[in-house]
Enquirer: 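Starting off with a structure, shown below.
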Amino acid sequence: MFLAQAQRGVDAKGTFSVALSGGSTPKGVFALLSEPPYRDNVPWAQTRFFWGDERHVPPDNPESNFHMAEQALLSKVPVPAGNVHRVHSELPDTGQAALEYEATLRQFFCLKPGEMPRFDLSFLGMGSDGHTASLFPGTKALGEQQRLVVPNWVPKLNTWRITLTYPVLNNAATVVFLVSGAEKADTLRSVLNGEFDPQRYPSQLIKPVHGSLLWLVDRAAARLLDDRS
Ligand code: 6PG
């Protein structure tokens, strides 16, 4: 799917833009992409990497989503350094980091005022609390519909995050949730089959406006789903 999306993007416009998710689940996909046959077939020179969210830590911190992707994929494939657009999460002021990332998106996607970037592919994960990117339950960023990137204070983690807003995520051509583990099963059922309650289950906000949504979930995470899903 990654390869197909990459080829489609390059064939159509000479570039493929992908927003990566963080956490641990994507490590498996990143490792696959770093090895043959994928390593030898992805158009790395035309592939542009972005992040859906980032922790408020330096890029060499083990908690950093950039760091995880660099270790698992980017350091192992011939992607030009200029194609990797990380969030400047080392900045003391997350507001400044968010503004800078917005500028990066506006420049790369040649956005006019009010326009949203359209990623060819956006990977997302889902926390067992129903968050996605750094859109956590009950947090301020859930209500943001104008900005592209915002800082978000997450009380339960007692930390700032930097995150794409859900209108940006919903403007992607393809959104892929990667969900694994039994600890996600109950929340996944609520997100997919329960009442629409995005303050409680922010992952429910993700509905691409003119794109596709694909949930790739393992058996453990899917064990409570009925065949409706
Ligand atoms: C992050 C991620 C976050 C992640 C979920 C799931 O910064 O942590 O972007 O949204 O996708 O927390 O994480 P796991 O894959 O580790 O369960």
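Just so you know, ligand 1 is whichever comes first in the structure, and atom 1 is the first atom listed for that ligand. Just so we're clear, the structure is a prediction, and the values are computed from it rather than from any experiment.
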Enquirer: Any heavy atom of Gly52 sitting closer than 4.0 Å to ligand 1?
Expert: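 Contact absent.
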Enquirer: Looking only at non-hydrogen atoms, which of Ser64, Ser24, Ser21 approaches atom 16 (O) of ligand 1 most closely?
Expert: Ser24
Enquirer: Taking everything shown except Tyr38 itself, do over 12 heavy atoms lie less than 6.0 Å from its OH?
Expert: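 Open.
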Enquirer: So, are Asp186 and Arg189 salt-bridged, with charged N and O less than 4.0 Å apart?
Expert: yes
Enquirer: Does Arg55 reach ligand 1 with a nitrogen or oxygen that is under 3.5 Å from one of the ligand's nitrogen or oxygen atoms?
Expert: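 N/O-N/O distance below 3.5 Å exists for this pair.
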Enquirer: For atom 13 (O) of ligand 1, what's the nearest protein heavy atom and its distance?
Expert: Gly23 CA, 3.9 Å
Enquirer: Is there a polar contact between ligand 1 and Gly22, counting only N or O atoms under 3.5 Å apart?
Expert: yes
Enquirer: What are the atoms of ligand 1, with element, lying closer than 4.0 Å to any heavy atom of Asp53?
Expert: 1 (C), 2 (C), 7 (O), 9 (O)
Enquirer: Do Asp120 and Ser17 have side-chain N/O donor and acceptor atoms under 3.5 Å apart?
Expert: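 Short answer, yes.
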Enquirer: Write out the residue and atom name of the closest protein heavy atom to atom 5 (C) of ligand 1, then the distance separating them to 0.1 Å.
Expert: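 Sorting protein heavy atoms by distance from atom 5 (C) of ligand 1 puts His131 NE2, 3.4 Å first.
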Enquirer: Counting neighbours of CZ on Arg118 that are heavy atoms of other residues, nucleotides or ligands and sit closer than 6.0 Å, is the number greater than 12?
Expert: yes
Enquirer: Do other residues, nucleotides or ligands put more than 12 heavy atoms under 6.0 Å from the NZ atom of Lys140?
Expert: no
Enquirer: How far is atom 10 (O) of ligand 1 from its nearest protein heavy atom, and which residue and atom name does that atom have?
Expert: Ala133 O, 2.7 Å
Enquirer: Out of all atoms in ligand 1, which are within 4.0 Å of some heavy atom of Asn65? Include the element for each.
Expert: 1 (C), 7 (O), 9 (O)
Enquirer: Check Asp129 with Lys156, please: is the shortest side-chain N to carboxylate O separation under 4.0 Å?
Expert: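 So Lys156 pairs with Asp129 through a salt bridge.
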Enquirer: Using a 4.0 Å cut-off to any heavy atom of Gly125, which atoms of ligand 1 qualify?
Expert: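 Under 4.0 Å from Gly125, ligand 1 has these atoms: 11 (O).
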Enquirer: With side chains defined as the heavy atoms from C-beta onward, is the minimum distance between Leu148 and Pro117 less than 4.5 Å?
Expert: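 Answer yes - side chains close enough.
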Enquirer: With a 4.0 Å cut-off, would you call Glu102 and Arg147 a salt bridge?
Expert: yes
Enquirer: Does the N or O separation between Thr25 and ligand 1 drop below 3.5 Å for any pair?
Expert: yes
Enquirer: How far is atom 17 (O) of ligand 1 from the closest protein heavy atom, and which atom is that?
Expert: Lys184 NZ, 2.7 Å
